[in-house]
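The structure under discussion appears below in the form of structure tokens.
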Amino acid sequence: MIEEINKTFDQLQSGNTILYPTDTVWGLGCDATNAEAVAKIYTLKNREESKALICLVSDIRMLERYIENIPKVAYELLEASDKPTTIIYDNPVGIAKNLVASDRTLAIRIPDDEFCQKLIRKFKRPIVSTSANISGQATPKSYKEISAAILKGVDYVVNLQNEKKASKPSTIIQLRSNGEIKVIRA
């Protein structure tokens with residue numbers, strides 16, 4: 001795994017896109033602070049830039065560097081959650097502008113996955129995480145279901161295909177600065 005973390009780190013540093021196992025499904029990713037890399041993900045997925053993507057951070061400290069005001073309830077939700085939970089926050093900072101939604105929000109998850117954790121800690125920046133499919137197509141449940149277009153279009157495929165078991169996408173909850181809470185995906 002260490003060798004794959006180092007190879008993937010080099011790809012992220014170079015502004016390349018990656019296909020990698022996450023705590024949920026196989027994901028497409030890149031440096032979440034690099035607008036050109038983020039644009040490559042939108043192109044690869046054939047997705048409109050108006051449809052926001054998720055990014056991953058390693059821990060609360062990293063989250064606090066990219067979100068100005070984290071609602072108190074976010075800390076409680078993250079601590080209490082027993083499954084992958086993505087939270088949509090208001091007013092992200094230091095993130096590629098084309099990753100931030102038009103309403104100035106950003107979806108972020110702290111993954112409970114050894115590979116993701118080690119990679120993000122080494123990279124020291126958030127990483128985009130979006131399902132490895134063309135927009136409108138089904139989310140692949142395993143590496144074997146990932147389309148040839150995605151496999152050919154991504155810059156680097158993390159060589160951990162046998163380690164990722166089928167899973168499902170995360171829960172998504174939106175927390176607004178005004179205290180409003182909305183479940184987007186249970």
Side-chain angles (χ1 to χ4, degrees), residues 1 4-45 47 49-71 74-75 77-79 81 83-132 154-156 158 160 164 169-177 184-185:
M1 183 183 293
E4 278 307 308
I5 288 168
N6 290 333
K7 286 179 182 177
T8 308
F9 171 82
D10 290 342
Q11 294 292 320
L12 292 171
Q13 287 284 92
S14 298
N16 290 335
T17 57
I18 61 170
L19 174 64
Y20 68 113
T22 74
D23 56 331
T24 57
V25 297
W26 273 84
L28 291 171
C30 66
D31 177 353
T33 67
N34 180 331
E36 288 178 21
V38 172
K40 288 183 195 178
I41 297 286
Y42 280 111
T43 299
L44 179 58
K45 284 185 68 80
R47 184 175 174 129
E49 283 198 19
S50 61
K51 294 186 176 183
L53 303 172
I54 293 171
C55 72
L56 304 179
V57 296
S58 59
D59 53 35
I60 294 289
R61 284 190 320 272
M62 184 179 281
L63 175 66
E64 290 169 342
R65 285 201 314 261
Y66 293 96
I67 300 298
E68 283 182 352
N69 296 306
I70 300 171
Y75 296 100
L77 281 169
L78 291 170
E79 192 172 312
S81 182
K83 62 182 185 174
T85 301
T86 300
I87 298 178
I88 302 172
Y89 299 94
D90 288 342
N91 305 314
V93 294
I95 295 292
K97 297 229 183 306
N98 55 344
L99 189 57
V100 178
S102 59
D103 63 353
R104 296 272 314 127
T105 61
L106 179 65
I108 299 178
R109 185 170 75 252
I110 301 171
D112 182 20
D113 173 85
E114 183 182 10
F115 175 80
C116 289
Q117 279 290 321
K118 287 181 176 179
L119 177 62
I120 298 166
R121 283 193 178 115
K122 180 175 179 74
F123 191 55
K124 296 185 169 101
R125 289 191 295 274
I127 297 173
V128 167
S129 180
T130 183
S131 57
V154 74
D155 294 313
Y156 183 72
V158 172
L160 295 174
K164 176 70 188 147
S170 66
T171 297
I172 300 178
I173 300 170
Q174 183 168 24
L175 301 179
R176 302 307 305 244
S177 298
I184 307 293
R185 181 172 66 201

With sequence neighbours left out, the residues meeting side chain to side chain contact (heavy atoms under 4.5 Å, CB included) with D90 are T105, R176, S177
Any donor and acceptor pair, going by atom type alone, linking the side chain of D23 with main-chain N or O of D113 inside 3.5 Å?
no
Which residues share a side chain to side chain contact (heavy atoms under 4.5 Å, CB included) with Q13, sequence neighbours left out
F9, F123, R125
Those residues at least two apart in sequence (or on a different chain) that pass side-chain hydrogen bond (donor to acceptor under 3.5 Å, both in side chains) with E64 are Y75
Rounded to the nearest 0.5 Å, how far does CD1 of I108 lie from CD1 of I70?
7.5 Å
With sequence neighbours left out, the residues meeting side chain to side chain contact (heavy atoms under 4.5 Å, CB included) with D10 are none
Mind checking whether I110 and Q117 have side chains closer than 4.5 Å, heavy atoms only?
yes
Set out, in order, the CA-CA distance, both residues' side-chain angles and the distance that settles side-chain hydrogen bond (donor to acceptor under 3.5 Å, both in side chains) for T86 and S170, then state yes or no.
CA-CA 6 Å; T86 300; S170 66; 2.6 Å; yes
Partners meeting salt bridge (charged side-chain N to carboxylate O under 4.0 Å, His left out) with K40 (sequence neighbours left out)
D155
What's the spacing between K7 NZ and L119 CG if we round to 0.5 Å?
14.0 Å
D112: salt bridge (charged side-chain N to carboxylate O under 4.0 Å, His left out) partners, not counting sequence neighbours:
none
Find out whether E36 and C30 are in side-chain contact, i.e. whether some heavy atom of one side chain is under 4.5 Å from a heavy atom of the other.
no
Just so I know, are the side chains of K122 and N6 near enough to count as touching, which here means a heavy-atom distance under 4.5 Å?
yes
Residue pair T8 / Y156: nearest heavy atoms and the distance that separates them:
OG1-CE2, 3.5 Å
Only one of D31, N16, T17 forms a side-chain hydrogen bond (donor to acceptor under 3.5 Å, both in side chains) with Q11, so which one is it?
N16
Residues in side-chain hydrogen bond (donor to acceptor under 3.5 Å, both in side chains) contact with R104, at least two apart in sequence or another chain:
none
Which residues satisfy the side-chain hydrogen bond (donor to acceptor under 3.5 Å, both in side chains) test with T85, sequence neighbours excluded?
S81
With Q174, which residues qualify under side-chain hydrogen bond (donor to acceptor under 3.5 Å, both in side chains), at least two apart?
none
CE of M1 to CG of L160: how many Å apart, nearest 0.5 Å?
6.0 Å
One should read off an interatomic distance between I120 CD1 and L12 CG, to the nearest 0.5 angstrom, of 9.5 Å
The reported gap from CG in L106 to CD1 in I87 (rounded to nearest 0.5 angstrom) is 12.0 Å
Looking only at heavy atoms, what is the nearest atom pair of I95 and P126, with distance?
CD1-CG, 3.9 Å
So, for V57 and P111, which heavy atoms are closest and what is the spacing to 0.1 Å?
O-CD, 3.1 Å
Any chance you could measure K124, atom NZ, to S58, atom OG, to the nearest 0.5 Å?
10.5 Å
Compile the donor-acceptor pairs under 3.5 Å between side chains in residues 49-56 and protein atoms, sequence neighbours left out, one pair per line.
| from | atom 1 | to | atom 2 | distance (Å) |
| --- | --- | --- | --- | --- |
| S50 | OG | E48 | OE1 | 3.3 |

Identify the heavy atoms of F115 and V158 that sit nearest to each other, and give their distance.
CZ-CG1, 3.7 Å
Taking every non-hydrogen atom, the tightest pair across Y20 and L28:
CE2-C, 3.8 Å
Might you point out which heavy atoms bring Y89 and L63 nearest each other, and give the distance in Å?
OH-CD2, 3.5 Å
Partners of R185 by salt bridge (charged side-chain N to carboxylate O under 4.0 Å, His left out), sequence neighbours excluded?
none
Using side chain to side chain contact (heavy atoms under 4.5 Å, CB included) as the criterion, list what pairs up with N69, not counting sequence neighbours.
none
